[in-house]
Amino acid sequence: MTGRFAIGGVCVALLLAGCGGGSPPPNTQDTPPPLDDPGQPAVAPASSAKVKEGRDAIQAGDFEKAKQVLTAAQAETPDDPQAAFFLGVALENLNDAPGATAQYEKALSLDPKLVEASINLSALLLDAGDGKHALEIIDKGLQAKPGEPDLLMNRALALEAGGDKAAALDAYKKAVDAKPDKLDLRYAYAELLAGAGKSEEAQAELEKVTASDDPKVLAAAANLYGKLGVFAKCVGALDKAIEKQSAPALLVRRGVCRHGLKDDAGAKKDYEAAIASDDKFAPAHFYLGQHLKAAGKKKEAIAELKKAAELGGDQGVGAAAKKALAELGVK
């Protein structure tokens with residue numbers, strides 16, 4: 001979830017006018033889905049006809065053409081920071097991270113106030129695990145443009161990667177304040193607050209996240225509510241998500257949270273609904289098996305756990321199902 005600008009669904013950065021992302025174990029949704037990014041920046045006039053052609057090619061998703069055109073533009077005007085910057089964007093989208101890094105660095109050497117290059121360069125450095133260098137680039141960018149939301153986001157990520165949780169929390173708060181509608185950022189802040197033992201503060205952020213009607217957003221928030229043990233809010237978020245778009249994973253997650261509320265009848269109903277929706281969804285069989293096991297229905301539990309083991313393989317839910325079967329004396 002590094003900060004990068006995007007247009008036309010393509011991960012690129014553009015120059016802004018005027019300026020230089022009874023049921024236990026396995027979590028059915030350990031990795032929340034990506035959340036939506038609301039809105040994109042305006043675009044400044046291109047520095048030359050060739051740069052405009054290259055930028056338009058990027059917008060159209062033709063990165064090879066953009067690379068050729070912008071390489072020619074750079075040869076004609078080596079001191080044009082836009083040519084270097086957009087060439088970096090093209091190379092990044094062609095999966096040439098070293099080439100993109102070099103071009104972003106060149107763009108910044110030509111124009112230290114080109115904040116978009118700072119955003120993309122720091123994002124690449126974070127992706128490469130070089131949080132220290134990323135932080136240096138970010139702090140220089142923030143000197144040029146204090147309060148820039150994507151730089152603040154990348155700064156929070158760099159501090160978190162460096163293990164400075166207190167500084168990361170402060171950085172996340174500043175980033176959220178700068179970009180309050182960016183739900184994936186607010187969710188990440190809530191997650192960090194939860195990890196720091198600040199449950200009430202995390203819940204306050206999640207309340208804002210669950211104002212969304214997007215099932216992906218609601219599912220991610222419910223997942224964290226579940227980890228916090230706030231099962232009523234977990235169920236509430238999933239009720240809203242399932243109303244918009246029912247899915248086996250959402251039903252199972254709601255069942256687990258209903259179990260946390262001691263509503264085992266409701267939990268069983270959700271597990272069964274998930275199986276009815278997709279009989280090959282291993283977590284539904286696993287959790288129903290665990291429910292039946294806790295209810296003393298050994299034969300039925302074994303049948304469900306065997307199905308979960310068969311569908312789940314040797315890892316995750318499959319491994320957990322095999323362990324549960326062994327506890328029931330089934331090899």
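For the single chain, residues carry numbers from 1 onward in sequence order.
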*Would you check if Leu110 and Asp80 make a side-chain contact, meaning some heavy-atom pair closer than 4.5 Å?*
no
_Joint hydrophobic cluster, Leu325 plus Val317, side-chain heavy atoms closer than 4.5 Å_ = yes
*Spatial distance of atom CD (Gln82) from atom OG1 (Thr77) [nearest 0.5 Å]*: 11.0 Å
*Does the side chain of Lys106 reach to within under 4.5 Å of the side chain of Gln74, using non-hydrogen atoms?*
yes
*asked:* Is there a path of hydrophobic side-chain contacts, each under 4.5 Å between heavy atoms of I/L/V/M/F/W/Y residues, joining Leu125 to Leu159?
replied: no
*asked:* With rounding to the nearest 0.5 angstrom, report the OG1 to CG distance, Thr101 to Leu124.
replied: 4.5 Å
*Mind running side-chain contact (heavy atoms from CB on, under 4.5 Å) on Lys240 and Thr210 for me, showing each step along the way?*
CA-CA 9 Å; Lys240 190 175 177 183; Thr210 54; 5.6 Å; no
*Which heavy atom of Ala222 sits nearest a heavy atom of Cys234, and at what distance?*
O-SG, 3.4 Å
*When you measure from the side chain of Lys67 to the backbone N and O of Gly54, does any donor-acceptor pair fall under 3.5 Å?*
no
*Any side-chain heavy atom of Leu206 within less than 4.5 Å of one from Val230?*
no
*asked:* Taking Lys165 first and then Glu160, would you say they form a salt bridge - that is, a charged N and a carboxylate O separated by under 4.0 Å?
replied: no
*Ignoring hydrogens and angles, state whether a donor on the side chain of Gln203 or Ser199 is under 3.5 Å from an acceptor on the partner side chain.*
yes
*asked:* Under a 4.0 Å threshold between the charged nitrogen and the carboxylate oxygen, would Asp279 count as salt-bridged to Lys307?
replied: yes
*Rounded to the nearest 0.5 Å, what separation is found between the CD atom of Glu136 and the OG atom of Ser118?*
12.5 Å
*Any donor-acceptor N/O pair, Glu92 side chain to Ala97 backbone, under 3.5 Å*: no
*Indicate yes or no: at least one non-hydrogen side-chain atom of Leu224 is less than 4.5 angstrom from one of Glu191.*
yes
*Mind listing the closest non-hydrogen atom pair of Leu151 and Gly141 along with its distance?*
CD1-C, 3.6 Å
*Keeping the roles fixed (side chain from Tyr271, backbone from Gly255), state whether a donor-acceptor pair exists under 3.5 Å.*
yes
*Please report the shortest heavy-atom distance between Gly131 and Ala158, naming the atom on each side.*
O-CB, 4.0 Å
*Can you see which heavy atom on Ala66 is nearest to which on Ile58, and at what distance?*
CB-CG1, 3.6 Å
*Classify the angle between the aromatic ring planes of Phe85 and Tyr104 as parallel (below 30°), tilted (30 to 60°) or perpendicular (above 60°).*
tilted
*Are Leu70 and Gln103 close enough, and set up right, to give a side-chain contact (heavy atoms from CB on, under 4.5 Å), and what steps lead you there?*
CA-CA 11 Å; Leu70 291 161; Gln103 290 300 325; over 6 Å; no
_Within 6.0 Å of CD in Glu243, more than 12 heavy atoms from elsewhere_ = no
*Glu205 side chain reached by Val176 side chain, heavy atoms, under 4.5 Å*: yes
_side-chain contact (heavy atoms from CB on, under 4.5 Å) for Ile275 and Glu304? Distances and angles first, verdict last._
CA-CA 10 Å; Ile275 291 169; Glu304 292 299 329; 3.8 Å; yes
_Would you say His291 and Asp264 are linked by a side-chain donor-acceptor pair, where the criterion is simply a distance under 3.5 Å?_
no
*In sequence, state the C-alpha distance, the side-chain angles, and the governing distance for Leu238 and Leu218, and then conclude on side-chain contact (heavy atoms from CB on, under 4.5 Å).*
CA-CA 7 Å; Leu238 287 164; Leu218 293 164; over 6 Å; no
*Please check if atom CD in Glu327 has more than 12 non-hydrogen atoms from other residues, nucleotides or ligands closer than 6.0 Å.*
yes
*Is Glu272 salt-bridged to Lys268, cutoff N-O under 4.0 Å?*
yes
*Determine whether Phe63 and Asp96 make a side-chain contact, defined as any pair of heavy atoms from C-beta on separated by less than 4.5 Å.*
no
*Verify same cluster id: Leu311, Phe286 (apolar side-chain graph, 4.5 Å)*: no
*Flag the pair Val252 / Asp270 as yes when at least one side-chain heavy-atom distance between them is below 4.5 Å, and no otherwise.*
no
*When clusters are formed by joining ILVMFWY residues with side-chain heavy atoms under 4.5 Å apart, either directly or through shared neighbours, do Val69 and Val89 land in the same one?*
no
_Using a 4.5 Å cut-off between side-chain heavy atoms of Ile, Leu, Val, Met, Phe, Trp and Tyr, which other residues end up in the same hydrophobic cluster as Leu261?_
Phe231, Val235
_Quick check: closest heavy atoms across Leu185 and Met153, and the distance to 0.1 Å?_
CD1-CG, 3.6 Å
*Measuring from Leu228:CG to Asn223:CG, what's the distance to the nearest 0.5 Å?*
10.0 Å
_Charged N-O contact under 4.0 Å between Asp314 and Lys322_ = yes
*Is a donor on one side and an acceptor on the other found under 3.5 Å between the side chain of Asp263 and the backbone of Gly266?*
yes
*With side chains defined as the heavy atoms from C-beta onward, is the minimum distance between Arg186 and Lys208 less than 4.5 Å?*
yes
_Where Val51 and Ala73 come nearest, the two heavy atoms and their spacing_ = CG2-CB, 4.3 Å
*Sort out for me which residue in Ile138, Asp150, Asp139, Asp130 forms a side chain to side chain contact (heavy atoms under 4.5 Å, CB included) with Ser122.*
Ile138
*Report yes or no: do Leu142 and Leu135 belong to one cluster of Ile/Leu/Val/Met/Phe/Trp/Tyr joined by side chain heavy-atom distances under 4.5 Å?*
no
_Once rounded to the nearest 0.5 Å, what's the spacing between atom CG of Leu328 and atom CG of Leu292?_
10.5 Å
*Gap between atom NZ of Lys182 and atom CG of Leu152 - 0.5 Å precision*: 12.5 Å
*Charged N to carboxylate O under 4.0 angstrom, Lys293 versus Glu300?*
no
*Between the side chain of Lys174 and the main-chain N/O of Ala156, is any donor-acceptor distance below 3.5 Å?*
no
*Hey, could you give me each pair passing disulfide (SG to SG under 2.5 Å) that has a residue in residues 291-329? Not counting sequence neighbours.*
none
*Salt bridge between Asp214 and Lys216, side-chain N to carboxylate O under 4.0 Å?*
yes
